Amino acid sequence: MTILWCDFETRSRCNLPERGVYNYAMDLSTEVLCMSYAFDDDEVQTWTPAQPFPEAVRQHKGQIRAHNAAFERLIFWYVLQIDYKLEQFYCTAAQARANCAPGSLEDVGRFSGASMRKDHRGKQLIRLLSIPQADGTFRDDADLMAEMVAYCESDVRAMRAISLAQRELSADELHDYHVNERINDRGVLLDKPLALAAVRYAETEAVEIQDIVRDVTEGVVTSVRSPKMRGWVLERVGPQALKLATVHKDGEAKLSIDKNVRANLLALAEESPDEVPAEVAEVIQCADDLWASSVAKFARAASLADEEDSRVRGAFVFAGGSATGRASSFGLQVHNFPRRCADDPALTREAMVRGHQIVPKFGKRVTDVLKGMLRPALHAAPGNVLVVADWAAIEARVTPWASNSKSGAAKLAIFAKGEDVYKHNAAATFRVSYDEVDKDQRQIGKVQELACGFAGGVGAFASMGRIYNVILTESESKRMVDAWRRANGWSVPYWSKLEHAYRAAMRNAGQEFTAGRTTYLFDGQHLWYALPSGRVLCYPFARFNDEGELTYAKASWKPAADAKEWPRARLWRGLACENITQAVANDLLRHSLRQLDAEGLGVVLHVHDEIVLEVPEADAERAAARLVEIMCQPPAWAKGLPLNAEVATMVRYGK
């Protein structure tokens with residue numbers, strides 16, 4: 001099969017970062033400056049619009065490889081009007097991410113050790129030639145254009161070299177990439193009037209918030225974004241609050257005022273005003289409101305929405321999660337949407353669009369209302385509905401299944417019988433019968449399950465407990481952790497086997513070592529692990545450090561400007577367990593999306609353990625039943641894994 005390698009340089013009056021690749025490609029002002037290309041390992045050539053278009057490219061029936069191939073695909077489709085099939089495209093950025101490397105062409109080369117110095121010339125050329133000048137015209141400079149052609153050609157050479165040096169995408173991975181692109185092309189419908197109304201409310205409140213902070217702090221803090229804010233708050237809280245504000249990073253305790261800390265301090269303020277005085281709580285709340293990402297999400301969604309049909313396209317990044325291959329989201333950022341939704345989205349939406357007072361009727365503060373309307377801002381087209389289904393306790397099921405042990409099978413039997421795993425944890429911990437577990441005990445059982453499954457200890461239990469309002473002493477927390485481990489006899493041996501397997505693989509290059517259902521192999525450079533599905537992932541450039549810890553290059557971390565090598569992370573048994581569980585859960589998602597795509601059921605969103613279809617209202621019942629059937633039927637490689645999914649039908653996206 002002949003491969004066409006290609007890269008475009010373009011110019012447009014459409015702002016690509018703001019409007020997204022779909023709007024950019026469809027904008028009438030968008031035009032190609034040059035296309036550099038090569039067939040197989042031939043020399044790179046360049047076409048410019050002043051020349052006849054190369055017929056060999058126009059008639060190409062084989063694979064087309066490009067970095068972030070959606071851009072080249074859409075330029076071919078909408079600007080050059082060449083209707084290649086979607087299945088012809090192979091994204092080398094997706095290939096890099098599937099191999100646990102960075103997705104950017106610039107970064108993947110540096111990640112591989114080619115050079116730790118960035119070349120900013122490409123970005124400079126784009127600013128000079130691809131973006132209109134202040135008077136709206138484009139710069140016309142033959143010397144700069146010659147430099148742009150050379151830059152484009154070098155990108156094709158770099159892309160080809162990096163792609164050929166990496167593991168190829170498997171047939172299933174390439175198929176899943178195409179499924180993901182069809183979901184991106186379909187898009188999801190945005191209530192644009194609602195999004196724009198949300199932005200207006202936020203802008204008005206932002207001014208009020210800054211005034212409140214200035215007044216409460218008597219002018220000491222003029223902005224919650226000021227570094228002074230953290231110091232002002234932490235100087236005025238009590239010892240328990242300071243304990244809640246202490247976070248551990250790389251084994252070092254630090255005081256923080258991050259999102260989770262703010263939530264904990266606000267909860268403590270209601271119980272203990274002596275710990276967090278009212279005026280301090282007000283400043284914390286102001287910071288929470290002004291930093292609320294929901295405001296930015298509404299503005300971003302509105303700018304990405306198509307002018308004609310208001311659909312937001314291109315939200316999902318295939319294999320965007322390093323070490324697991326899970327999808328991430330770009331632009332719309334649906335993976336970070338708050339789970340809470342407004343009680344009556346339709347009524348709230350009507351009030352917002354009409355500009356009515358929304359506080360306190362729909363929430364205590366404007367930002368509370370906006371957070372609750374992020375999900376409902378995505379909705380079905382007239383005559384359609386959204387069918388939303390998510391797997392129940394997917395990680396709590398996958399982890400013991402992945403251990404492939406008798407005691408793990410006992411845990412799975414709880415799910416197979418449809419019983420409440422949190423109540424089972426509580427019953428074992430408090431030594432009561434399953435039916436005697438009360439509400440508070442069940443809540444502890446929930447925290448145990450969420451905190452302890454990936455080798456979490458007392459710190460993990462305490463952190464998770466704060467989220468669910470379970471505050472225990474250190475000794476009590478340790479008792480809860482120990483009780484969960486006793487009740488889940490598969491856990492500690494499984495974590496130990498994982499650690500033994502990956503460390504043994506590192507010391508015996510070329511040999512396979514299996515723990516549970518996962519197999520490790522070190523090829524002398526990367527530590528690979530094979531999942532039950534057959535998909536492989538790796539910890540790149542793995543090695544032991546001077547302390548005997550196993551470290552690897554972390555693709556999602558960015559190096560400092562003066563760094564001589566890529567930042568490294570530590571692999572430990574809890575992380576290894578978590579990566580396997582999340583990767584297996586992602587394989588289940590991919591399997592389901594593949595089937596839904598084959599049956600023509602219109603997936604518009606997928607978020608970790610959740611799938612959303614948009615279907616005609618008349619087909620909703622059938623689609624919902626089929627969606628649950630697909631999600632609950634494990635693939636052949638997942639035999640013995642009990643699955644369950646809950647489904648709901650709605651007009652606006654919610655929970």
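Numbering of residues begins at 1 and proceeds along the displayed sequence. What you see is a predicted model, and the numbers here were worked out from it, not measured in a lab.
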Using the ring of each side chain (for Trp, its six-membered ring), is Phe89 parallel, tilted or perpendicular to Tyr84, with breaks at 30° and 60°? perpendicular

Aromatic ring pairing Phe316/His606, orientation class (parallel under 30°, perpendicular over 60°, tilted between): parallel

Do [X] and [Y] have a side chain donor and acceptor closer than 3.5 Å?
| X | Y | value |
| --- | --- | --- |
| Ser163 | Gln95 | yes |
| Gln124 | Arg127 | no |
| Thr581 | Glu395 | no |
| Asp185 | Tyr22 | yes |
| Ser29 | Asp27 | yes |

Minimal heavy-atom distance between Arg139 and Leu144, with the atoms involved, is CD-CD1, 3.8 Å

Could you check whether Glu307 pairs with Arg19 (Lys NZ or Arg NE/NH1/NH2 to Asp/Glu carboxylate O, under 4.0 Å)?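 Yes.
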
Salt-bridged, Arg535 to Asp176, with N to O below 4.0 Å? no

For Leu613, run the side-chain contact (heavy atoms from CB on, under 4.5 Å) check against Val647, Asn384, Val387 and tell me which one passes. Val387

Has Arg65 got a side-chain atom pairing as donor or acceptor with Trp5's backbone, closer than 3.5 angstrom?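 Pair absent, no side-chain N/O of Arg65 close to backbone of Trp5.
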
Thr30 (side chain) donor-acceptor with Met26 (main chain) under 3.5 angstrom: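 Here the side-chain-to-backbone pair does not exist.
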
Contact check, side chains of [X] and [Y], non-hydrogen atoms, under 4.5 Å:
| X | Y | value |
| --- | --- | --- |
| His67 | Asp7 | no |
| Ile394 | Leu643 | yes |
| Phe298 | Leu374 | yes |

Quick one: pull up CD in Glu168 and CG in Leu164 and give me the separation to the nearest 0.5 Å.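 That separation rounds to 7.0 Å.
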
Taking it one step at a time, do Glu87 and Arg182 satisfy salt bridge (Lys or Arg N to Asp or Glu O under 4.0 Å)? CA-CA 10 Å; Glu87 290 77 13; Arg182 273 190 283 276; 2.5 Å; yes

